[in-house]
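The block underneath contains the structure these notes are about, expressed in structure tokens.
On a predicted model such as this, the values are computed, not experimentally measured, just so you know.
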Amino acid sequence: MRVQVDLKSTVAIGDLAARFGLATHVLRHWEDVGLLRPERTSAGRRCYIEADADRIGAILAAKDAGLGLADIRQLLTAAGPARRAALRAHREAVDAQIRALETAREMLDYAARCPADDLASCPHFRALVSRRAGRRSATG
């Protein structure tokens, strides 16, 4: 169902994209994947209203949280329980990424502090490699 839009209160695609620092093709793509549904003029041109700007802000916030477009579409359209379950699942994935990054940081800290000239001779690094290879090392 089409609603009558006051063209004086609408924004052109280029102006709205520029407001968010996006290329216009990004907004067109988001429309193609069902994230945006701008109204159209009688000539078929997209016309965006402030609610569309709010939707873009929500999409960008979700992207900042690491969500993909399909996940964002689900979050923006799902009912409360399904949305909360999807958010919990994404939170678990983020927690796993954090654990992996903490492990990476620990390895980098050990390697940077090791006095050995050759990383392969660093006892901490060798212990880490042994653990990753499924072996127990003499030092770890």
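For the pair H90 (side chain) and D71 (backbone), a donor-acceptor distance under 3.5 Å is absent.
The nearest pair of heavy atoms linking I72 to A62 is CG1-CB, 3.5 Å. For R46 against P38, the heavy-atom pair with the smallest separation is CG-CG, 4.0 Å. Contact record, G14 with T24: CA-CG2, 3.7 Å, taken as the closest heavy-atom pair.
Note on V94: it does not cluster hydrophobically with L60, by side-chain heavy-atom contacts below 4.5 Å among ILVMFWY residues.
Crowding of D118 atom CG: a count of heavy atoms from other residues, nucleotides or ligands under 6.0 Å exceeding 12. The number of heavy atoms from other shown groups lying within 6.0 Å of CZ (R113) is above 12.
Rounding to the nearest 0.5 Å places CG of D32 at 7.0 Å from NE2 of H29. Note that CZ of R73 and CG of L36 are 12.0 Å apart. Values are rounded to the nearest 0.5 Å. Between the CD1 atom in I49 and the CG atom in L16 there is a gap of 11.0 Å [rounded to 0.5 Å]. For the atom pair CD (E31) and CG (L27), the distance works out to 9.0 Å, reported to the nearest 0.5 Å. Rounding to the nearest 0.5 Å gives a distance of 11.0 Å between CD1 of I59 and CG of D54. To the nearest 0.5 Å, atoms CZ (R19) and CD1 (I56) are separated by 8.0 Å.
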Under the criterion side chain to side chain contact (heavy atoms under 4.5 Å, CB included), I'd like the reasoning laid out for L22 against W30: C-alpha separation, chi angles, the key distance, then a yes or no. CA-CA 12 Å; L22 300 169; W30 290 354; 3.9 Å; yes

What do the steps show when you test D15 against Y48 for side chain to side chain contact (heavy atoms under 4.5 Å, CB included), and what is the final call? CA-CA 10 Å; D15 294 333; Y48 294 89; over 6 Å; no

Where do I13 and R28 land on the side chain to side chain contact (heavy atoms under 4.5 Å, CB included) test, with the steps shown first? CA-CA 9 Å; I13 189 170; R28 288 186 196 98; 3.8 Å; yes

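With D95 as the fixed residue, the side chain to side chain donor-acceptor pair (under 3.5 Å) test singles out one of R99, Q97, R91: R91.
Using a cutoff of 4.0 Å between basic side-chain nitrogens and carboxylate oxygens, R131 and E106 are not scored as salt-bridged.
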